**Q** 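Here it is, the structure in full.
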There are 2 protein chains.
Amino acid sequence: MNQTVLRLGVAGLGTVGTSLLRLVERHGQDLAVRTRRPIAITGVSARDRDRDRGVDISGCGWFDDPVALARSAEIDVFVELIGGAEGAANEAVRAAISSGKHVVTANKALLARHGAELAAAAEAKGVSLNFEAAVAGGIPIIKTLRESLAGNTVSRVFGILNGTCNYILTRMEREGLSFEACLAEAQRLGYAEADPTFDVDGFDTAHKLSLLAAISFGTEIDADAVYVEGIRSITTADIEAADELGYRIKLLGVASRTDTGFEQRVHPTMVPKSSPIARVDGVTNAVAVEADFVGRLVLSGPGAGGDATASSVMSDIADIARGDVVGTFGRPASALQPYRRAQMRAHEGGYYVRLAVFDRPGAFASIAQRMAENGISLESIVQRRRAPRADAPDHPTPLEPQPVILITYDTTEAQIKDALDRITVDGHIAEHPQMIRIEQFA
Amino acid sequence: MNQTVLRLGVAGLGTVGTSLLRLVERHGQDLAVRTRRPIAITGVSARDRDRDRGVDISGCGWFDDPVALARSAEIDVFVELIGGAEGAANEAVRAAISSGKHVVTANKALLARHGAELAAAAEAKGVSLNFEAAVAGGIPIIKTLRESLAGNTVSRVFGILNGTCNYILTRMEREGLSFEACLAEAQRLGYAEADPTFDVDGFDTAHKLSLLAAISFGTEIDADAVYVEGIRSITTADIEAADELGYRIKLLGVASRTDTGFEQRVHPTMVPKSSPIARVDGVTNAVAVEADFVGRLVLSGPGAGGDATASSVMSDIADIARGDVVGTFGRPASALQPYRRAQMRAHEGGYYVRLAVFDRPGAFASIAQRMAENGISLESIVQRRRAPRADAPDHPTPLEPQPVILITYDTTEAQIKDALDRITVDGHIAEHPQMIRIEQFA
């Protein structure tokens with residue numbers, strides 16, 4: 001046993017930081033047995049020294065400035081739980097690396113923005129930069145991709161990476177409530193921020209996806225290349241139609257190797273009810289990986305929460321305690337390669353389309369004609385006369401728009417968009433067409 | 001980069017061995033980048049040197065005797081893919097360790113029987129003894145329990161660990177076929193051995209479970225303590241009744257920490273249809289872990305197959321190439337503790353019971369009375385007059401037995417067994433009662 005204590009400096013004592021302190025308090029002795037090295041928290045930094053966090057920090061050195069903690073000679077590992085791509089987190093992580101400290105972080109924004117550069121710096125100093133907690137909370141997806149699948153070529157990695165969105169979509173489906181109502185509920189329960197943009201518009205998922213893609217494919221981290229659509233446009237009409245057609249709607253992040261290059265995309269997605277990802281509900285996350293030797297793995301678990309995230313932070317710390325230095329992205333930082341981005345226009349797949357069609361002769365024929373002109377075959381067509389509304393119990397007038405749902409066979413994004421543009425110009429529809437991509441699971 | 005090649009000796013060139021050779025051929029260069037050390041297969045051993053395996057072994061040294069390969073100065077890592085708890089596999093692994101070679105094995109029987117002793121020997125020599133491929137094929141459950149969950153106390157680990165049984169149960173459910181018919185089909189497709197005992201009677205699952213329990217709880221490996229029931233007794237009547245009551249039947253291995261000690265059990269299990277484990281079909285495996293910080297993780301993927309298993313073997317080799325030596329069971333071998341075995345009699349849970357009850361006055365009242373005497377409350381009772389059979393289209397005679405299905409609330413194994421013994425003695429039932437344990441998922 002290595003008797004030298006591994007000294008941790010923890011910056012940020014919010015939910016995750018506090019959980020980490022409790023974890024070390026509760027399992028510190030067992031951890032020392034497992035990793036064969038004692039672990040102790042010797043320094044902490046946060047905004048408010050006096051806040052009652054329910055854990056004893058009197059034995060740890062206090063640092064008002066996280067950068068000073070990062071540089072302190074009293075620590076071996078800097079644990080960054082501050083958050084944000086720039087500012088204190090960024091500065092402190094750089095300071096820690098340049099002072100020769102290992103870094104463990106839960107900060108996906110920082111890594112999506114500066115990951116390659118920070119990984120190279122850590123490598124040059126011979127220290128670890130680990131980030132299991134930055135993607136999918138307690139799910140060990142980073143270690144799985146980086147180590148367990150080392151002998152595979154990954155073809156696709158995809159998942160439900162944002163608990164807020166999945167909670168909202170699950171509630172919309174179960175309760176028949178609108179997006180707005182479910183968002184308000186999620187905010188009340190603390191599952192969504194006051195400004196929910198980062199979550200519901202897909203940016204959080206995009207950050208995480210860009211990290212998964214880099215590890216999976218050995219490509220440069222390229223968060224700006226991720227095509228992003230959030231879930232604000234999803235209506236109960238879409239959710240009901242999906243259900244009827246055998247699908248559920250999930251916000252997926254998908255990174256895949258295609259004939260035209262590497263795709264990275266985040267958007268609401270129709271997934272077959274029979275697929276494992278369709279059954280992941282509420283704030284749970286799930287990640288599926290398809291690779292040449294292993295086939296398909298699916299990992300699911302808590303995507304957020306202090307304790308689950310602290311579990312992943314400790315996994316990274318335990319690796320450092322054992323002396324295992326893996327490259328941040330599973331290979332030397334210099335091995336991350338430039339790559340060919342697949343264009344969204346070239347994306348191939350099936351599509352769900354919901355149109356509000358004016359109920360007049362020839363409207364549907366014209367729509368079908370536009371699809372045919374673009375070489376698009378239809379797998380399903382559902383046209384239902386809208387039930388009379390309570391406030392207008394009489395028959396709808398002939399011009400009141402009726403919902404028409406189409407499911408296409410595989411086509412390209414360019415073809416479907418062109419067809420929908422033409423249909424819009426033709427004037428038979430009352431609203432902007434709704435279009436949701438379908439993801440298949442071989 | 002460490003320029004010293006990591007030299008592998010592979011003993012056993014069946015499906016997994018051949019896949020491993022192809023994996024190294026296809027991904028060897030990328031692996032060298034990832035682990036920063038070149039990897040090469042320098043020696044092989046198998047029964048038949050001349051068999052065409054579709055891979056080129058001309059560059060590898062040939063050994064008729066696996067023990068000679070294990071001792072050869074030409075290798076650094078001995079990869080044991082022979083199988084079996086005793087004989088050549090056992091002898092060769094011991095020879096490798098005593099010659100200071102790392103060992104990677106897919107051999108669950110060997111580890112369930114001799115794991116603690118072999119781990120201690122490896123530790124004394126400062127070499128690794130890794131076995132990711134021994135449990136759940138391509139699923140990285142060993143690394144997850146051993147490393148990712150190092151900061152957790154595990155309360156329960158359970159899963160579908162035998163693809164043969166899961167294939168048979170899935171087919172019985174989907175096609176309404178008998179156990180015997182599905183077993184014959186599985187044998188024809190190569191999913192079951194000519195002698196299927198090891199799989200269908202639960203012993204394979206028990207071996208794997210004993211390894212998961214040791215890593216999860218830090219307890220001694222104790223395969224003999226596993227309570228084992230296989231799936232031969234499951235009938236289509238059980239599968240239909242389960243479906244009607246909202247359950248599916250799976251062969252689960254369950255290891256848990258209870259008030260009376262540690263439980264290890266393998267038996268057909270009723271799992272709620274809504275639980276993630278219920279939806280794992282065919283030869284797929286799944287493992288769920290419940291632990292104090294992470295909550296619940298579920299990992300699913302291929303439980304067998306040459307390529308998926310080779311992926312796990314390579315994961316272990318890559319760890320060795322990087323120089324990461326983790327204790328075989330996630331801690332020093334000496335830290336595996338004796339423990340208190342929970343007795344099956346003390347097992348608490350709900351039970352499904354199917355009785356063939358003679359259709360005469362008072363029979364059901366007598367059964368209900370026996371349950372009540374043992375303090376057992378019934379959650380559901382389904383009594384259906386059996387449909388007349390095609391070969392006996394008239395009404396059943398009053399004495400022809402009728403199926404009665406009971407679902408109990410939580411009780412103990414001792415109570416339910418006693419009640420069923422009394423019911424049997426009372427003489428109202430025509431066959432031995434069927435009893436299947438229900439597993440709940442909080």
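These figures come from a predicted structure and were not determined experimentally. Protein chains get the first letters and strands the later ones, always in sequence-line order, with residue 1 at the start of each.
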**Q** Please examine the side chains of A/Ile139 and B/Leu297, heavy atoms only from C-beta on, and report whether any two atoms are closer than 4.5 Å.
**A** yes
**Q** Tell me, out of A/Asn152, A/Val325, A/Asp30, A/Leu31, who's got the most heavy-atom pairs with chain B below 4.5 Å.
**A** A/Asn152
**Q** Determine the minimum heavy-atom distance between A/Lys143 and B/Lys143, stating which atoms define it.
**A** CE-CE, 4.4 Å
**Q** Check whether B/Arg146 gets within reach of chain A through its side chain, its backbone, both or neither, counting any heavy atom under 4.5 Å.
**A** backbone
**Q** Would you mind checking which part of B/Ala150 comes under 4.5 Å of any heavy atom in chain A, side chain (CB onward), backbone (N, CA, C, O), both or neither?
**A** both
**Q** In residues 308-315 of chain B, which residues are in contact with chain A at a heavy-atom separation under 4.5 Å?
**A** B/Ala308, B/Ser311, B/Met314, B/Ser315
**Q** Among A/Leu299, A/Ile317, A/Asp316, single out the residue with the greatest number of heavy-atom pairs under 4.5 Å to chain B.
**A** A/Leu299
**Q** When only pairs under 4.5 Å are counted, which of A/Pro140, A/Pro276, A/Gly301, A/Ser274 shares the most heavy-atom pairs with chain B?
**A** A/Pro140
**Q** Under 4.5 Å from any heavy atom of chain A, what part of B/Thr153 do you find: side chain, backbone, both or neither?
**A** both
**Q** Given a strict heavy-atom distance threshold of 4.5 Å, which part of A/Ile141 is in contact with chain B: side chain, backbone, both, or neither?
**A** neither
**Q** Heavy-atom distance under 4.5 Å to chain A: side chain of B/Ser300, backbone, both or neither?
**A** both
**Q** Check this for me: A/Gln29, atom CD, are more than 12 non-hydrogen atoms of other residues, nucleotides or ligands nearer than 6.0 Å?
**A** no
**Q** Looking at A/Gly295, A/Gly327, A/Pro332, A/Pro302, which has the largest count of heavy-atom pairs under 4.5 Å with chain B?
**A** A/Pro332
**Q** Taking all heavy atoms of A/Ala335 and all of B/Val33, pick out the closest pair and write down the distance.
**A** CB-CG1, 3.8 Å
**Q** What residues of residues 281-293 of chain B sit under 4.5 Å from chain A when only non-hydrogen atoms are counted?
**A** B/Asp292, B/Phe293
**Q** Would you mind checking which part of A/Arg296 comes under 4.5 Å of any heavy atom in chain B, side chain (CB onward), backbone (N, CA, C, O), both or neither?
**A** backbone
**Q** May I ask you to test the A/Arg322-B/Val326 pair for a side-chain heavy-atom distance under 4.5 Å?
**A** yes
**Q** Under a 4.5 Å cutoff for heavy-atom pairs, which residue among A/Glu132, A/Arg331, A/Arg22, A/Arg279 has the most contacts with chain B?
**A** A/Arg279
**Q** Heavy-atom distances under 4.5 Å only: say whether B/Leu149 touches chain A with side chain, backbone, both or neither.
**A** both
**Q** Do B/Glu147 and A/Arg34 have side-chain heavy atoms sitting under 4.5 Å apart?
**A** no
**Q** Which region of B/Asp319, side chain (C-beta onward) or backbone (N, CA, C, O), has a non-hydrogen atom less than 4.5 Å from a non-hydrogen atom of chain A, or is it both or neither?
**A** side chain
